[in-house]
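Positions are given from 1 along the sequence. All values below were derived from every heavy atom in this structure, side-chain atoms included, with hydrogens, water molecules and symmetry-related copies excluded.
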Amino acid sequence: MTENEFAAAVAQCPHFQWAVVSAIPAHCQDDLTTLAEAPYADGNTGFWSGVPSPQYSLAAFEIVCWDSSAILCIGADETIAAAFENAFPGAVDLDEINRLRH
């Protein structure tokens with residue numbers, strides 16, 4: 001989806017239980033149908049330790065919907081992370097939570 005198509009879809013207020021939205025730069029011409037494994041949320045334990053990174057190697061960052069109970073922002077730079085935290089004041093730093101957990 002293009003940025004505009006994604007914005008239009010989000011404007012419809014969809015509900016996702018499990019989802020991964022990979023933010024792929026517009027100049028990327030990679031054929032996503034050739035991925036060996038699509039990014040996934042359900043059953044992915046990789047989010048809960050260390051510093052998670054986007055599953056899709058060309059993604060600038062990923063937004064992960066986790067069981068309707070959490071939204072994870074993975075791999076975002078400081079500007080995007082700050083915007084996410086401003087939009088969602090209750091957001092916590094997953095990397096910090098993972099450090100405290102282990």
Side-chain angles (χ1 to χ4, degrees):
M1 300 175 103
T2 66
E3 180 179 353
N4 290 338
E5 290 169 335
F6 184 72
V10 169
Q12 299 298 314
C13 298
H15 176 83
F16 300 103
Q17 278 188 300
W18 301 99
V20 177
V21 178
S22 299
I24 302 167
H27 67 272
C28 179
Q29 298 298 314
D30 197 17
D31 181 1
L32 300 178
T33 63
T34 64
L35 290 176
E37 181 176 55
Y40 68 102
D42 189 8
N44 189 335
T45 59
F47 302 125
W48 311 115
S49 63
V51 178
S53 59
Q55 295 172 68
Y56 178 54
S57 63
L58 297 178
F61 64 94
E62 289 177 334
I63 302 294
V64 179
C65 301
W66 181 266
D67 190 22
S68 298
S69 64
I71 298 173
L72 311 176
C73 188
I74 305 293
D77 65 24
E78 291 181 22
T79 302
I80 292 170
F84 188 85
E85 290 172 8
N86 285 337
F88 302 100
V92 295
D93 186 326
L94 179 60
D95 296 343
E96 180 64 25
I97 297 296
N98 286 343
R99 275 192 290 277
L100 295 172
R101 185 177 294 131
H102 296 289

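One hydrophobic cluster, built from ILVMFWY side chains closer than 4.5 Å, holds both Val21 and Phe61. Phe47 is not connected to Ile71 by any chain of hydrophobic side-chain contacts under 4.5 Å among Ile, Leu, Val, Met, Phe, Trp and Tyr, and they are in different clusters. One hydrophobic cluster, built from ILVMFWY side chains closer than 4.5 Å, cannot hold both Trp18 and Tyr40; they sit in different ones. Placement of Val10 and Ile24 in two distinct hydrophobic clusters is found when ILVMFWY residues are connected by side-chain heavy-atom separations under 4.5 Å, directly or transitively.
For Asp42, the side-chain hydrogen bond (donor to acceptor under 3.5 Å, both in side chains) test picks out no residue, with sequence neighbours left out.
Between Gly75 and Pro54, the shortest heavy-atom distance links the atoms CA-CD, 4.0 Å. In terms of heavy-atom proximity, Gly43 sits nearest to Trp66 at N-CH2, 4.4 Å. Closest of all the heavy-atom pairs between Pro14 and Ala9 is CD-O, 3.4 Å. Closest non-hydrogen pair, Gly46 versus Asn44, comes out as N-OD1, 2.8 Å. Glu62 approaches Gln55 most closely through the heavy-atom pair OE1-N, 2.8 Å.
Remark: Glu78 CD is loosely packed, at most 12 non-hydrogen atoms of other residues, nucleotides or ligands lying under 6.0 Å away.
Of the inter-residue distances, the one linking Ile63 atom CD1 with Phe6 atom CZ reads 7.5 Å to the nearest 0.5 angstrom.
Here salt bridge (charged side-chain N to carboxylate O under 4.0 Å, His left out) pairs that include residues 87-96, with residues two or more places apart or in two chains, are Glu96-Arg99.
No donor-acceptor distance shorter than 3.5 angstrom exists from the side chain of Asp67 to the backbone of Ser69, with no hydrogens or angles considered.
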(message) For a side-chain contact (heavy atoms from CB on, under 4.5 Å) check, start with the C-alpha distance between Ile74 and Val20, then their side-chain angles and the critical distance, and finish with the verdict.
(response) CA-CA 10 Å; Ile74 305 293; Val20 177; over 6 Å; no
(message) Please evaluate residues Trp48 and Ile97 with respect to the criterion side-chain contact (heavy atoms from CB on, under 4.5 Å), reporting the C-alpha separation (whole Å), side-chain torsions for both, the decisive distance (0.1 Å), and the verdict.
(response) CA-CA 8 Å; Trp48 311 115; Ile97 297 296; over 6 Å; no
(request) Determine, step by step, whether Asn98 and Val51 satisfy the side-chain contact (heavy atoms from CB on, under 4.5 Å) criterion, reporting the C-alpha distance in whole Å, the side-chain angles of both residues, the deciding distance to 0.1 Å, and the verdict. (result) CA-CA 8 Å; Asn98 286 343; Val51 178; over 6 Å; no
